[in-house]
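Below is one structure, written out as C-alpha cells; comments come after it.
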Number of protein chains: 2
Amino acid sequence: MMFSKSFGYALRGILYLGMSDEAKPWIQLDEIAQELAVPRHFLGKVMKKLVKDGVLNSQKGPYGGFCINENTLKTSLLKLMEITGEVEENGVCVLRLRKCNALNPCPMHHQIESLRRQWQALLASTFIGDLIRKDQPGFINSIAAI
Amino acid sequence: MMFSKSFGYALRGILYLGMSDEAKPWIQLDEIAQELAVPRHFLGKVMKKLVKDGVLNSQKGPYGGFCINENTLKTSLLKLMEITGEVEENGVCVLRLRKCNALNPCPMHHQIESLRRQWQALLASTFIGDLIRKDQPGFINSIAAI
DNA sequence: CATATAAAAGACAACATTGTCTTTTATTCG
DNA sequence: CGAATAAAAGACAATGTTGTCTTTTATATG
Ligand code: FES
Ligand code: FES
C-alpha cells in the first residue's frame, strides 16, 4: 500500500505541469526537478516514458521542455502505474502463489478480496484531472517534498 | 497491495508448522522448503527472525527443527510485517512526501485515506490462528506454490 | 567423548530499483 | 550555417531485496 518512487515522481511531475501558468508553454526539467526536490536525471527518464505513452508532450531545444496535452487530465492512476512499471499482473495472489482464485484461495484471499477490489476501482476511476486543485493556493506545496 | 517475498515465506512457513501433525515435535527446514517449493536458505533466514522474535521455537541438532509455540497463533499480520521488514513507518504518505497528514494532504490523501485505514485494521486484527483451517483437507495445497 | 545432525551465522552473487554522469539528437535563433 | 539549449539516450554506480553457498555452533545419541 505504497507507490514506487517512479510513480510518485511521475504523478508529481505531471501535477506540477498541470498547475503551471499557461502563459509559459514549455516547462524545463531543471525547474520541475528543483521545485519538487527530486533527482533530475531520474525524473527525466520517467518523464520520457510519459511522453512516449502520450500522457505529456515534450519539445527539444531552446525554450523547449514539457507540457500537458489533451490526454493528460484524462489519464487514470492505473494507466500511470502501468507506465511506471508497477506491473500489477492481472489478479495475482497477494502471496504470489498463483493467479488469484476464489476456488483455490490462499489463506489470505478472503480477508483481502474486498480491499483489493476497492483498490483496483480507485486506481481505475481516479484521473489526473481529479487530483488538481487550481483554486487551492497551497496546492503546489503539497507536491513539493516536506 | 502485495506482500514481500519474505512476508509470504514467513507466513507460509508458520502455517505449514501450524498444520503439521503434533506427533512430530520438530519439523526441519529441509522439509518445509521442499513442501512449499521455496529457496531453502532464504527461508532459513526468515525463520531465524521469527524465532528471535518469539513467534516460533527452534532446536538445533539431531531431530531438531522448528515448531509453533504459545505466541504463534496469537501473532498478528502487522507484527509479521514488522518482523519481515515491511517497515510500514507510522503514517507515511503514499507518495512518501512526508508524514501523512490530513491538514497538509498530498493530492491523493483523501482518495486513499479510507482504504489505508481498512488495510491497517485488517493487518492488526488478523492473527495467524485465523488463517489456519485444520478441518479443510486441501489447505496445505493452498500454501504450496502452484 | 566422538559423531552425526540441524539451526545459526556469515560471505557473497543475482537481480531490480533508484540515482548520477556523459554523449547524442533535435530545435531555436542570430 | 553555427552556437546555444534542452530533451533523449546510454553507460554506469549505489542500494535494497532475494537467493546460494560455506562455516560455525548447539544438541542428541551411542
Ligand atoms: S489466492 Fe491469494 S489473494 Fe487470492
Ligand atoms: S499526505 Fe499523502 S497519503 Fe496522506
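Labels below follow one simple rule: chain letters A, B, ... track the order of the sequence lines, proteins then strands, and each chain is numbered from 1. What you see is a predicted model, and the numbers here were worked out from it, not measured in a lab.
Contact between A:Ile143 and A:Tyr16 at its shortest, heavy atoms only, is CD1-N, 3.7 Å. Between A:Ser142 and B:Pro105, the shortest heavy-atom contact is CB-O, 3.2 Å.
In this structure a side-chain-to-backbone donor-acceptor pair under 3.5 Å is missing from A:Arg133 to A:Gly138. Looking at A:Arg116, its side chain never comes within 3.5 Å of a backbone N or O of A:His109 through a donor-acceptor pair. Under a 3.5 Å cut-off, the side chain of B:Gln28 and the backbone N or O of B:Gly64 do form a donor-acceptor pair. Not a single donor-acceptor pair under 3.5 Å links the side chain of A:Asp53 to the backbone N or O of A:Val55. Of the possible polar contacts, none joining the B:Gln111 side chain to the A:Leu122 backbone as a donor-acceptor pair under 3.5 Å is found. Panel note: side chain A:Glu86, backbone A:Phe3; no donor-acceptor pair is recorded below 3.5 Å.
Annotation: B:Gln34, atom CD; neighbour count of heavy atoms from other residues, nucleotides and ligands within 6.0 Å does not exceed 12.
Take the nearest nucleotide of DNA chain C for A:Tyr63 and for B:Gly61: the residue whose nucleotide is more 5' is B:Gly61. In terms of position along DNA chain C, the nucleotide closest to B:Phe66 lies nearer the 5' end than the nucleotide closest to the other residue of the pair A:Lys45 and B:Phe66.
Using a 4.0 Å heavy-atom cutoff across all strands shown, A:Lys52 reaches sugar-phosphate atoms only and no base atom. Counting non-hydrogen atoms under 4.0 angstrom, A:Tyr9 reaches the backbone sugars and phosphates but no base. A:Gly44 comes within contact range of no nucleotide atom at all, as no heavy-atom separation falls under 4.0 Å.
The CD-C1' distance, from A:Gln28 to D:dT5, rounds to 9 Å in whole Å. The nearest whole Å value for the distance from the NZ atom in A:Lys60 to the C1' atom in D:dA6 is 9 Å.
Screening A:Leu36, A:Leu43, A:Leu17, A:Val46 against A:Arg12 for a side chain to side chain contact (heavy atoms under 4.5 Å, CB included) leaves a single residue, A:Leu36.
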Can you tabulate the close N/O pairs, meaning under 3.5 Å, that link protein atoms to atoms of nucleotides 13-17 of chain D?
none

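No chain of hydrophobic side-chain contacts below 4.5 Å, direct or via other Ile, Leu, Val, Met, Phe, Trp or Tyr residues, connects B:Leu80 to B:Phe127.
Nucleotides of DNA chain C that come within less than 4.0 Å of any heavy atom of chain B span, from the 5' end to the 3' end, C:dA4 to C:dA11.
In terms of phosphate contacts, B:Gln59 brings a side-chain nitrogen or oxygen within less than 4.0 Å of OP1 or OP2 of D:dA28.
Rounded to 10°, the angle separating the first-five-pair axis and the last-five-pair axis of the helix from C:dC1-D:dG30 to C:dG30-D:dC1 equals 0°.
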